[in-house]
Amino acid sequence: MADPKGFLNASREDWPRRPVEERVRDWDEVYVPGALLPIIRTQADRCMDCGIPFCHEACPLGNLIPDWNDLVSRDDWRAASDRLHATNNFPEFTGRLCPAPCEAGCVLAINQPAVTIKNVEVAIADRAWEEGFAPPRPPDRLSGRTVAVIGSGPAGLAAAQQLTRAGHTVAVYERDDRLGGLMRYGIPEFKMEKRHLERRLEQMRAEGTKFRTSTAVGRDIDAAALRSRYDAVVLTVGATAWRELPVPGRELDGIHQAMEYLPLANRVCEGDIEASPLSAAGKHVVIVGGGDTGADCLGTAIREGAASVTQLDIYRQPGTERDEDVEPWPTYPKIYRLSAAHEEARELRTAPSADADARLFAASTLRFTGDENGHVRALHLVEVDAERRPIPGTARRLPADLVLLALGFSGPDRSDGLVDQLGLDLDPRGTITRDADFATNVPGVYAAGDAARGQSLIVWAIAEGRAVAAAVDRQLTGSSRLPAPIGPYDRPMTV
């Protein structure tokens, strides 16, 4: 513990964001470049080096948070990088994209603002790349065993990197034309610039991992035939089967899933197309769904120049403080949070009829209506109570030229035939079943990430990838020294 009074002498200070008027004109990350390092040492000093660090339990990776906070406060960035990478393959991803359940479990958060764990993490990761502390780590020798990883999201990449470093020959199959899964085409550039992803992929290539893009297993390659070519197959295909909104008027043009809309905006940033065919420019946009994907749509629509953007959340607006009776520390509380996109919407007043940050809480969609050409023109909604029951007399109409459905995902997409060709068992939720060793009902086939766990956080996906790699390594060689931070049935802390 570098400064025993650090948490008393310094208040929480987060990485500052660029001015709204500036950042909505581009797709760069929202934070002020270079503004994190000057404040991060003092922020790391706020860590109390608790005797029982609950931040460890709140993070499924088991990140050694007090260790690297102490090392940063002492300006030992190399050792901090070693501690960070000991438990997390991709801290530059989680430091930008994870909602930081570790901070909810910070002991300081009992009665003060938590340590800025997420900011310290990303500062270490970025410094590691700048100083050369994250070189490729190819194996000393090969095992002679081969593994196919299907899917290149965070779970698949983590599993592939761990197995490659253990000496196995690993090939990653990705159905899109570029690697990264939802990190590539689902996460907007302003949340994580894709250069961070490219840098890590180059490291993996240098370590020996092979990549096969534009290859949909089940459609381009028979899944059963692929299984016969490898000693093991790891399924990390994600949960991409989106949830629908079965209300009258859903068939109208102009109503799209969020994951139809976001990839096109990302392809514009990649230079594949000049403009998105679903661009929000000049349109009245309504986003149905109050989660992170909805916020990604909000920030994207603002940057595309929407006439207005409103986001509907069926839940009531949460309070700004943790309700200790319902969600006691150290669980992750449902509180009012202001993402960068909501901050932009609030300042720009993108939704005059909504609350200050573009969200309408406790709102349920009744139906859509359109024009004579079959294009959506309005969304009709009603306010609901805590049990989601309509409140009489609260129906209203919002103008809508573009409606985006951000209602979450139910399991892996079955349209490519992979699930059926392998004969995989699914649970009632539509996710792939597996045993305590991450193994499916098909010998030699394992499942990890959202495809088996269900829709979750990036930090859980990476933990799943590391854990399934240990299980596969153990099956192939009889034992494993790879870490397994979680089991397939572990869940976040709840009451």
Side-chain angles (χ1 to χ4, degrees), residues 56-63 85-91 93-94 97-102 147-166 168 170 172-174 179-183 186-187 200 204 209 232-241 332 408-413 418-419 424-427 429-442 444-475 480 482-493:
H56 283 195
E57 293 299 317
C59 174
L61 285 167
N63 279 333
H85 284 94
T87 57
N88 187 352
N89 296 71
F90 314 122
F93 302 166
T94 52
L97 303 178
C98 181
C102 54
V147 182
V149 175
I150 303 176
S152 67
L157 293 180
Q161 186 167 63
Q162 292 293 95
L163 288 166
T164 296
R165 289 175 172 179
H168 306 300
V170 180
V172 178
Y173 291 81
E174 169 56 51
L179 299 163
L182 291 185
M183 289 190 298
I187 299 297
R200 192 60 81 168
M204 294 180 65
T209 303
V233 173
V234 180
L235 305 177
T236 56
V237 295
T240 55
Y332 189 74
F409 307 90
S410 59
D413 181 7
L418 183 150
V419 169
L424 296 169
D425 289 341
L426 304 179
D427 64 19
R429 300 177 303 156
T431 54
I432 301 170
T433 61
R434 55 190 178 171
D435 63 17
D437 293 319
F438 293 87
T440 70
N441 62 298
V442 181
V445 178
Y446 299 78
D450 291 2
R453 173 172 292 272
Q455 184 180 352
S456 189
L457 305 178
I458 184 173
V459 70
W460 280 91
I462 295 173
E464 287 250 338
R466 290 171 67 86
V468 74
V472 172
D473 184 42
R474 186 168 54 250
Q475 176 62 31
S480 180
L482 295 177
I486 60 171
Y489 309 128
D490 289 340
R491 292 294 182 269
M493 288 189 294

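A quick note: this is a predicted structure, and the numbers were derived from the prediction, not measured. Only this structure's heavy atoms are used, side chains among them; waters, hydrogens and symmetry mates stay out.
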- Any idea which heavy atoms bring Tyr332 and Pro101 closest together, and the distance? CD1-CA, 3.7 Å
- Indicate whether the side chain of Thr433 and that of Asp427 have a donor and an acceptor atom separated by less than 3.5 Å. no
- Side chain proximity check, Ile432 to Pro412, heavy atoms < 4.5 angstrom: yes
- Item | Validation row: Val147, Val233 side chains within 4.5 angstrom (heavy atoms) | no
- Query: Roughly how far, to the nearest 0.5 Å, is the NE2 atom of His56 from the OG1 atom of Thr87?
  - Reply: 8.5 Å
- More than 12 heavy atoms of other groups within 6.0 Å of Gln475 CD: no
- To the nearest 0.5 Å, what is the distance between OH (Tyr173) and CG (Leu418)? 12.5 Å
- So do the side chains of Phe409 and Asp450 get within less than 4.5 Å of each other, counting heavy atoms only? no
- Query: When you measure from the side chain of Arg453 to the backbone N and O of Thr431, does any donor-acceptor pair fall under 3.5 Å?
  - Reply: no
- Query: Less than 4.5 Å apart, any side-chain heavy atom of Met183 and any of Leu157?
  - Reply: yes
- Check: Thr440 side chain, Tyr446 main-chain N or O, donor-acceptor pair, under 3.5 Å: no
- Message: Check whether Arg200 reaches the backbone of Phe90 with its side chain - one donor and one acceptor, N or O, closer than 3.5 Å.
- Response: no
- Query: Got a donor-acceptor contact below 3.5 angstrom from the Arg429 side chain to the Gly411 backbone?
  - Reply: no
- Query: Looking at CG of Asn89 and CD of Gln162, how far apart are the two atoms once the value is rounded to the nearest 0.5 Å?
  - Reply: 4.5 Å
- Note: Gly449 and Ala155 closest approach over all heavy atoms is CA-CB, 3.9 Å
- Message: Tell me if a side-chain donor or acceptor on Asn441 pairs with a main-chain N or O of Asp425 at a distance below 3.5 Å.
- Response: yes
- Message: Please find the pair of heavy atoms, one from Ile462 and one from Ala158, that lie closest to each other, and give the distance.
- Response: O-CB, 3.8 Å
- Taking every heavy atom of Trp460 against every heavy atom of Ile486, the minimum-distance pair comes out as CE3-CD1, 3.8 Å
- Message: Taking the side chain as everything from C-beta on, heavy atoms only, tell me whether Val459 gets closer than 4.5 Å to Cys59.
- Response: yes
- Item | Distance (rounded to the nearest 0.5 Å) between Leu163 CG and Thr209 OG1 | 9.0 Å
- Does the side chain of Leu235 come within less than 4.5 Å of Leu424's, by heavy atoms? yes
- Shortest non-hydrogen contact between Ile458 and Phe93, atoms and distance: CD1-CB, 3.8 Å
- Close side-chain approach of Phe438 to Val234, heavy-atom, < 4.5 Å: no
- Search all heavy atoms of Ala159 against all heavy atoms of Val468 and return the closest pair with its distance. CB-CG1, 3.9 Å
- Item | Value rounded to 0.5 Å, distance of CG in Leu457 from CG in Leu97 | 11.0 Å
